[in-house]
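The model shown is predicted, which means the values in this text are computed figures rather than measured ones.
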Amino acid sequence: MTMLTSGLPRIKTEYRTEKPKVRFRIAGTKQYLHLSGAGVTHGTRYAWSGTKAQARALRDRAISQGKDWPFKAVKRIEVEE
């Protein structure tokens, strides 16, 4: 059986395919949103991490339910420990 191919090499790109990740932190502390999406954790080991769109959805959901939202989104690379 003969396999037909186009003969064209694959083009490798340097484009970033992964969306930037963010974490939620309480300003001035090392308290982060827990990876469960509720509560806090100290340090980044069990901290929530996701895309900006996911972060907005979590914040908007909490606010619509009347919950206090003391967190600020920070870039994940800024808080790696």
Just to verify, what does Ser36 make a side-chain hydrogen bond (donor to acceptor under 3.5 Å, both in side chains) with, not counting sequence neighbours?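 In terms of side-chain hydrogen bond (donor to acceptor under 3.5 Å, both in side chains), with neighbours along the sequence ignored, Ser36 is linked to His34.
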List the atom pairs, donor and acceptor, that lie under 3.5 Å between side-chain atoms in residues 55-66 and the rest of the protein, sequence neighbours left out.
from, atom 1, to, atom 2, distance (Å)
Ser64, OG, Asp60, O, 3.3
Ser64, OG, Arg61, O, 2.8
Gln65, OE1, Lys67, NZ, 3.2

From Thr51 atom OG1 to Lys21 atom NZ, the distance as rounded to the nearest 0.5 Å: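 Thr51 OG1 to Lys21 NZ: 6.5 Å, rounded to 0.5 Å.
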Just by distance, do the side chain of Arg23 and the backbone of Ala47 share a donor-acceptor pair under 3.5 Å?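 Here the side-chain-to-backbone pair exists.
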Once you measure the plane-to-plane angle for Phe24 and Phe71, does it fall in the parallel (<30°), tilted (30-60°) or perpendicular (>60°) bin?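 If you compare the ring of Phe24 with that of Phe71, the planes turn out tilted.
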Report whether Leu33 and Val40 are members of the same hydrophobic cluster (ILVMFWY, side-chain heavy atoms less than 4.5 Å apart, transitive linking).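 Yes, it is one cluster - the side chains of Leu33 and Val40 are joined through contacts under 4.5 Å.
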Over all atoms of both residues, closest heavy-atom pair of Val74 and Arg25: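 So the two residues come closest at CG1-NH2, 3.7 Å.
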